[in-house]
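Some notes on the structure that comes next.
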Amino acid sequence: MKRLFLPALFFALACCQGHQMSSNDVVFVSNEAGHVSLVDGASGRIEGVLATGPRPRGMAFSPDRRTFYVAASQANRIEAWDVRSRKLVRTYDAGTDPERFAISPDGRTAYIANEDHSAISFLDLPSGRITREVKVGPEPEGVGVSPDGKLVVATSETANLAHFIDAGTGKLLDSLPVGSRPRFVLFLRGSRTVWVSSEQRGTITVFDAATRRVLKTIDLTETFDIDQPVQAVEMRSAPDESRVYVAMGRANRVAELDAASGKILRWWPTGERTWGIGLSSDMSRLYAASGLSGTLTIIDLTRGKVMETVKLGGRPWGAVAAAR
């Protein structure tokens, strides 16, 4: 019996170790110190860096996932990098101080929040020209485009407003109040609802995209009674939109919400000041970038536990993952 048992045990352990070491994605972590770190999503091993322009922050992929875009804020440009070769392929004049941006579903337009210019710039990616600027409230930060490509929503962190913009004409349709210092825009239910997170208030305002009526306000402070400030910053959703994940800023946590009810299901500790989060393509892991601790936290969503804390140094700002 022992001879049969021990080989089986060794085989099981080997399988577990192989599973733990398997890798299916690479995490791009923007660092305000002046680069983007490349981290293996499974092991946390640092694979290298992209030498971007100064103060990289917002990031996105092209719809085909072949091109990685990053806003080099202090260089006033958007950079395009080839995901596979990790080479810089093009730079775009993005207006002054670009922070976050969104890529249209057809991959032809970048909608850019120009923080110190109080405008959303429409950048035509094939030509490299800015085709229009839409004036919004001071210090716009968050910006999102609906999956049908018809609506752009931007946030003004100083005016505490969400701006609704017609993507086709650039017309400002409405400016509606939200919680203090709104940070991020997330579309759910196709293009039917819009979630806007508010950092200082720790709330998420949910709008009906068509009527622009507030459907509900999710208040994270009702769940968390902690010494740190309860905040809501970047959000990501599962592909089936059943779950929403929220970076909680200086609360040093990431929360998992039920998208239908808005109730918090789970939360995990992260590093200090968690601004940006990303998800692996297979939804097995969540990545949280924390600027004050200089770390990336890797969370196993299947087991519901923190796997690794990767020390990157500098000021990590955001995290997005690409399949290998």
Side-chain angles (χ1 to χ4, degrees), residues 30 32 52-62 68-80 91-105 108-125 128-146 149 151-167 170-187 194-200 204-205 207 232-236 247 249 275-277 289 291 317-320:
S30 59
E32 291 184 287
T52 67
R55 204 183 184 193
R57 290 187 286 178
M59 300 175 289
F61 292 108
S62 60
F68 165 73
Y69 296 100
V70 58
S73 299
Q74 290 184 350
N76 298 329
R77 72 184 185 221
I78 301 290
E79 299 179 358
T91 61
Y92 299 91
D93 180 0
T96 59
D97 196 17
E99 185 161 353
R100 296 188 190 272
F101 61 94
I103 304 296
S104 63
R108 297 184 61 86
T109 306
Y111 304 101
I112 304 164
N114 294 120
E115 188 174 22
D116 67 359
H117 191 51
S118 301
I120 301 300
S121 295
F122 288 36
L123 171 64
D124 180 73
L125 292 170
R129 294 185 301 107
I130 292 177
T131 58
R132 61 167 50 97
E133 284 188 344
V134 181
K135 286 293 184 180
V136 294
E139 295 190 48
E141 174 164 335
V143 61
V145 58
S146 60
L151 181 65
V152 173
V153 177
T155 65
S156 167
E157 63 175 302
T158 299
N160 303 328
L161 295 172
H163 303 283
F164 290 72
I165 303 166
D166 184 284
K171 179 182 178 181
L172 180 61
L173 302 173
D174 220 337
S175 296
L176 301 173
V178 291
S180 55
R181 295 186 75 83
R183 289 291 188 185
F184 197 78
V185 175
L186 179 69
F187 281 87
V194 185
W195 290 39
V196 178
S197 63
S198 296
E199 174 200 344
Q200 287 187 342
I204 301 166
T205 306
F207 291 95
V233 191
E234 191 160 285
M235 301 177 289
R236 302 289 178 185
W275 235 237
I277 54 176
W317 193 91
V320 294

| Do Arg183 and Thr155 have side-chain heavy atoms sitting under 4.5 Å apart? | no
Exactly one of Asp124, Ile112, Asn114, Leu123 clears side-chain contact (heavy atoms from CB on, under 4.5 Å) with Ile130, and that residue is Leu123
Between Tyr92 and Ala80, the two heavy atoms sitting closest are CE1-CB, 4.1 Å
Next on the checklist: Set out, in order, the CA-CA distance, both residues' side-chain angles and the distance that settles salt bridge (Lys or Arg N to Asp or Glu O under 4.0 Å) for Lys135 and Glu133, then state yes or no.
Outcome noted: CA-CA 6 Å; Lys135 286 293 184 180; Glu133 284 188 344; 5.1 Å; no
Output for pair (Phe207 CZ, Leu151 CG), nearest 0.5 Å, gives 11.5 Å
**Asked** Mind checking whether Phe184 and Glu199 have side chains closer than 4.5 Å, heavy atoms only?
**Response** no
is_close_aromatic(Phe122, Tyr111), centroid dist under 6.0 Å: yes
Note: Val70 and Pro56 closest approach over all heavy atoms is CG2-CB, 3.8 Å
Using atom types as modelled and distance alone, determine if a side-chain donor or acceptor of Asp93 lies under 3.5 Å from a backbone N or O of Gly95. yes
Margin query: Is it the case that over 12 heavy atoms from other parts of the model lie below 6.0 angstrom from the CZ atom of Arg132?
Written below: yes
- Just checking, is any N or O donor in the side chain of Ser30 or Arg57 under 3.5 Å from an acceptor N or O on the other one? no
| Is there side-chain contact between Pro98 and Asn76, with at least one heavy-atom pair below 4.5 Å? | yes
Do Asn160 side-chain atoms and Arg181 backbone N/O form a donor-acceptor pair below 3.5 Å?
yes
What one should report as the nearest heavy-atom pair of Pro140 and Ile120 is CB-CD1, 4.2 Å
Q) Does some side-chain heavy atom of Phe61 sit less than 4.5 Å from a side-chain heavy atom of Tyr69? A) no
Would you find a donor on one side and an acceptor on the other, under 3.5 Å apart, between the side chain of Glu234 and the backbone of Ile277? yes
Regarding Thr96 and Asp116, do their side chains bring together a donor and an acceptor under 3.5 Å, going by distance alone? yes
Are Glu99 and Arg55 within salt-bridge range, i.e. N to O under 4.0 Å? no
Residues His163 and Ser175: closest non-hydrogen pair is ND1-OG, 2.8 Å
Backbone of Pro138 reached by a side-chain donor or acceptor of Ser156 within 3.5 Å:
yes
### Task
Evaluate the side-chain proximity of Leu172 to Phe164: yes if any heavy-atom separation is below 4.5 Å, no if none is.
no
